[in-house]
Amino acid sequence: MTQSAPPAADLTLQRSSRDASDVPARLAGWLGGVLPPGADPEVVLHTRVDANGMSSETLVLDVTWSEGGRRRTGAYVARVAPSAADVPVFARYDLGAQHEAMRLVAERTEVPVPGVHWIEPTGQVLGAPFFLMDRLEGRVPPDVLPYPFGDNWLFDATPEEQRHLQDRTVETVAALHAVPDAASAFAFLDPGGENASVLRRDLARTRAWYEFAKADAGPSPTVERALAWLESHEPASATGTVLCWGDARIGNVLYDGFEPAGVLDWEMATLGPRELDVSWLLVAHQVFQSIVEVLELPGMPDFLREDDVLATYERASGVRLGDLDWYHVHSALQWSIVFMRTGSRQVHFGEIDRPDDIESLMHNLPLLLTTMERVGA
């Protein structure tokens with residue numbers, strides 16, 4: 001079934017002002033210094049990836065070089081930190097932490113993550129730090145237009161295929177949470193600060209992120225009310241500290257058919273309770289579903305239902321999660337901050353006029369208000 005939707009151009013966001021014309025030469029020159037002598041690298045840049053994600057810049061490229069007397073070619077993706085001038089979503093991009101997190105996940109789990117390779121941390125080559133990772137084949141549920149709008153491979157799949165993708169994705173999240181001794185192995189992802197609990201430290205990081213967004217966009221009374229409620233209602237039932245992917249949503253997964261083939265986008269990775277990831281997976285779908293419902297389109301109301309996801313997660317992990325309401329408020333609030341930053345970026349690039357009220361750009365506002373009303377916030 002196909003349903004009508006706004007033109008994709010209406011929702012496409014510019015992410016970077018980079019002139020890519022000299023990127024191949026810059027990368028080739030840099031690789032000539034990191035590969036063995038005589039490698040004579042050549043770089044072919046294919047495109048940027050703009051269909052998904054709202055944060056880092058992603059460049060698709062091939063690298064050809066000499067090794068052992070033969071020319072060989074590798075298919076890579078460059079993950080590039082955004083320029084501060086381009087209104088990044090986050091205040092800080094620790095590409096070294098992302099690189100190390102992906103390396104350790106590949107080493108310690110069966111979760112499919114792209115192999116990571118060379119990293120350039122100084123920003124002297126492309127004007128921003130970056131690293132190269134293997135380019136995997138697969139397809140991603142689109143963000144532009146969001147997949148519940150219709151006319152895409154996931155929306156048009158059978159209910160059985162959609163459920164298979166859902167279950168295998170939940171199992172992938174559970175596998176990440178099963179990494180032993182995560183607090184030690186991934187200590188570099190601890191959100192830091194003086195708060196006693198890791199959840200408090202995660203929440204403090206969220207508040208700092210909001211303050212960063214507010215500096216450009218202006219205040220959001222709804223976000224501030226949600227933050228105050230979260231800070232005074234810390235749940236007591238969190239299920240221990242695990243490796244959290246952070247941006248655990250289907251739009252950050254490459255699928256081979258309906259099987260996860262690549263877990264992408266690690267800039268929100270952290271240590272925390274497993275509820276953070278499970279809530280984010282649910283709320284990320286609810287954000288898109290709520291938008292299509294406002295437009296009186298059916299969307300995918302039977303996909304990623306909370307009861308189904310929790311049951312699958314318990315089967316995969318052996319852990320029964322309890323009430324997720326606190327985490328849902330936190331997730332919906334974080335989506336508001338994302339939209340505050342992407343709205344400020346649209347203003348920066350001249351795509352929209354600066355609004356009088358930043359909340360008019362928070363596409364998830366009805367969902368956040370409903371979630372807050374449910375908990376009495």
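Note: hydrogens, waters and symmetry copies are ignored here, and every other heavy atom, side chains too, is used. All residue numbers in this chain count up from 1 along the given sequence.
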Peer 1: Is it the case that Tyr210 and Glu224 place a side-chain donor and acceptor less than 3.5 Å from each other?
Peer 2: yes
Peer 1: Is a side-chain donor or acceptor of Gln162 paired with a backbone partner of Leu154 at a separation under 3.5 angstrom?
Peer 2: yes
Peer 1: Could you check Glu171, Arg274, Arg320 and say which one makes a side-chain hydrogen bond (donor to acceptor under 3.5 Å, both in side chains) with Tyr313?
Peer 2: Arg274
Peer 1: Sort out for me which residue in Leu361, Ile358, Asp216, Val89 forms a side-chain contact (heavy atoms from CB on, under 4.5 Å) with Met340.
Peer 2: Ile358
Peer 1: Locate the shortest heavy-atom distance separating Pro41 from Ala28; write the atom from each residue and the value.
Peer 2: CG-O, 3.4 Å
Peer 1: Any chance you could measure Met102, atom CE, to Asp134, atom CG, to the nearest 0.5 Å?
Peer 2: 9.0 Å
Peer 1: Do His328 and Gln286 meet the criterion of a side-chain donor-acceptor pair at a distance under 3.5 Å?
Peer 2: no
Peer 1: Would you say the side-chain atoms of Asp247 and Trp280 include a donor-acceptor pair closer than 3.5 Å?
Peer 2: yes
Peer 1: When you measure from the side chain of Thr158 to the backbone of Glu161, do you find a donor-acceptor pair of N or O atoms at a distance under 3.5 Å?
Peer 2: yes
Peer 1: Is a side-chain donor-acceptor pair under 3.5 Å present for Arg341 with Ser344?
Peer 2: no
Peer 1: Can you tell me if Asp202 and Thr270 form a side-chain donor-acceptor pair at under 3.5 Å?
Peer 2: yes
Peer 1: When you measure from the side chain of Ser360 to the backbone N and O of Asp357, does any donor-acceptor pair fall under 3.5 Å?
Peer 2: yes
Peer 1: Would you indicate whether the side-chain heavy atoms of Val329 and Leu230 approach each other to under 4.5 Å?
Peer 2: yes
Peer 1: Distance-only, no hydrogens or angles: does the Asp256 side chain make a donor-acceptor pair with backbone N or O of Glu259 under 3.5 Å?
Peer 2: no
Peer 1: Minimum heavy-atom separation for Trp266 to Ala101, with atom names?
Peer 2: CE3-CB, 4.4 Å
Peer 1: Can a side-chain donor-acceptor contact be found between Thr58 and Arg79 if the only test is distance below 3.5 angstrom?
Peer 2: yes
Peer 1: Do Val87 and Ile352 belong together in a cluster built from hydrophobic side chains that touch within less than 4.5 Å?
Peer 2: no
Peer 1: Decide if the gap between the ring center of Phe130 and the ring center of Trp118 is smaller than 6.0 angstrom.
Peer 2: no
Peer 1: How close do Gln289 and Pro148 get, counting heavy atoms only, and between which atoms?
Peer 2: OE1-CB, 3.9 Å
Peer 1: Any side-chain heavy atom of Gln166 within less than 4.5 Å of one from Arg305?
Peer 2: no
Peer 1: Does Asp277 use its side chain to pair, donor to acceptor, with the backbone of Gly246 at less than 3.5 Å?
Peer 2: yes
Peer 1: Distance only, no hydrogens: is a donor on one side chain within 3.5 Å (strictly under) of an acceptor on the other, for Thr73 and Asp62?
Peer 2: no
Peer 1: Mind checking whether Val253 and Thr172 have side chains closer than 4.5 Å, heavy atoms only?
Peer 2: no
Peer 1: Please report the C-alpha distance between Glu160 and Arg163 in whole Å, then the side-chain angles of each, then the deciding distance to 0.1 Å, and finally whether the salt bridge (Lys or Arg N to Asp or Glu O under 4.0 Å) criterion is met.
Peer 2: CA-CA 5 Å; Glu160 293 77 18; Arg163 182 57 186 262; over 6 Å; no
Peer 1: Out of curiosity, His99 NE2 to Ile119 CD1, how far, rounded to the nearest 0.5 Å?
Peer 2: 5.0 Å
Peer 1: Of all heavy-atom pairs between Val309 and Leu281, which one has the smallest distance, and what is that distance?
Peer 2: CG1-CD2, 4.4 Å
Peer 1: So, His348 side chain and Ala85 main chain: donor-acceptor pair closer than 3.5 Å or not?
Peer 2: yes
Peer 1: What orientation do His330 and Trp326 show, parallel under 30°, tilted 30 to 60°, or perpendicular over 60°?
Peer 2: parallel
Peer 1: Check the side chains of Glu211 and Trp209 for a donor-acceptor pair under 3.5 angstrom, ignoring hydrogens and angles.
Peer 2: no
Peer 1: Using modelled atom types and a 3.5 Å cut-off, is there a donor and acceptor pairing between side-chain atoms of Arg225 and backbone atoms of Ala377?
Peer 2: yes
Peer 1: Side chains of Glu234 and Ser197: is there a donor and an acceptor less than 3.5 Å apart?
Peer 2: yes
Peer 1: For Ser290 and Asn364, which I'm curious about, is there any donor-acceptor pair between the side chains at under 3.5 Å?
Peer 2: no
Peer 1: Decide salt bridge (Lys or Arg N to Asp or Glu O under 4.0 Å) for Asp86 and Arg345; before the verdict, give the C-alpha distance in whole Å, the side-chain angles of both, and the deciding distance to 0.1 Å.
Peer 2: CA-CA 7 Å; Asp86 289 338; Arg345 184 191 291 160; over 6 Å; no
Peer 1: Is there a salt bridge (Lys or Arg N to Asp or Glu O under 4.0 Å) between Glu42 and Arg71? Walk through the geometry before answering.
Peer 2: CA-CA 10 Å; Glu42 298 176 355; Arg71 296 293 279 175; 3.7 Å; yes
Peer 1: Decide whether Val294 and Val338 are clustered together by the hydrophobic rule: side chain heavy atoms of Ile, Leu, Val, Met, Phe, Trp, Tyr closer than 4.5 Å, transitively.
Peer 2: no
Peer 1: Okay, side chain of Glu275, backbone of Gly322: is any donor-acceptor separation there less than 3.5 Å?
Peer 2: no
Peer 1: For a quick check under 3.5 Å, do Thr122 and Glu120 share a side-chain donor-acceptor pair by atom type?
Peer 2: yes
Peer 1: Using modelled atom types and a 3.5 Å cut-off, is there a donor and acceptor pairing between side-chain atoms of Arg26 and backbone atoms of Val125?
Peer 2: yes
Peer 1: Tell me, please, whether Phe258 has Arg139 positioned over its six-membered ring: NZ or CZ under 6.0 Å from the ring centre and within 45 degrees of its axis?
Peer 2: yes
Peer 1: Taking Arg135 for the side chain and Leu61 for the main chain, is one N or O donor matched with an acceptor at less than 3.5 Å?
Peer 2: yes
Peer 1: Let me check something: do Val278 and Val242 share a hydrophobic cluster, defined by ILVMFWY side-chain heavy atoms less than 4.5 Å apart, either directly or through other members?
Peer 2: no
Peer 1: Check the orientation of Phe90 and Tyr93. Use parallel for under 30°, tilted for 30 to 60°, and perpendicular for over 60°.
Peer 2: perpendicular
Peer 1: At their closest point, which heavy atom of Ala332 faces which heavy atom of Leu368, and how far apart are they?
Peer 2: CB-CD1, 3.7 Å
Peer 1: Can you name the nearest heavy-atom pair linking Ser317 to Ala174, along with the distance?
Peer 2: CB-CB, 4.1 Å
Peer 1: Are Val287 and Ile250 joined in one hydrophobic group, where the rule is that I, L, V, M, F, W and Y side chains link up if heavy atoms are under 4.5 Å apart?
Peer 2: yes
Peer 1: Does a salt bridge link Glu231 with Arg200, judged by any charged N lying under 4.0 Å from a carboxylate O?
Peer 2: no
Peer 1: Using 30° and 60° as the class boundaries, would you call the ring planes of Tyr147 and His285 parallel, tilted or perpendicular?
Peer 2: parallel
Peer 1: For residues Val44 and Met133: do they belong to one hydrophobic cluster (side chain heavy atoms under 4.5 Å, members Ile, Leu, Val, Met, Phe, Trp, Tyr)?
Peer 2: no
Peer 1: Hey, would you say the Tyr76 and His117 ring centroids sit under 6.0 Å apart?
Peer 2: yes
Peer 1: Check step by step if salt bridge (Lys or Arg N to Asp or Glu O under 4.0 Å) holds for Arg249 and Asp143.
Peer 2: CA-CA 11 Å; Arg249 63 188 188 93; Asp143 288 350; 2.8 Å; yes
Peer 1: Determine whether Leu264 and Pro114 make a side-chain contact, defined as any pair of heavy atoms from C-beta on separated by less than 4.5 Å.
Peer 2: yes
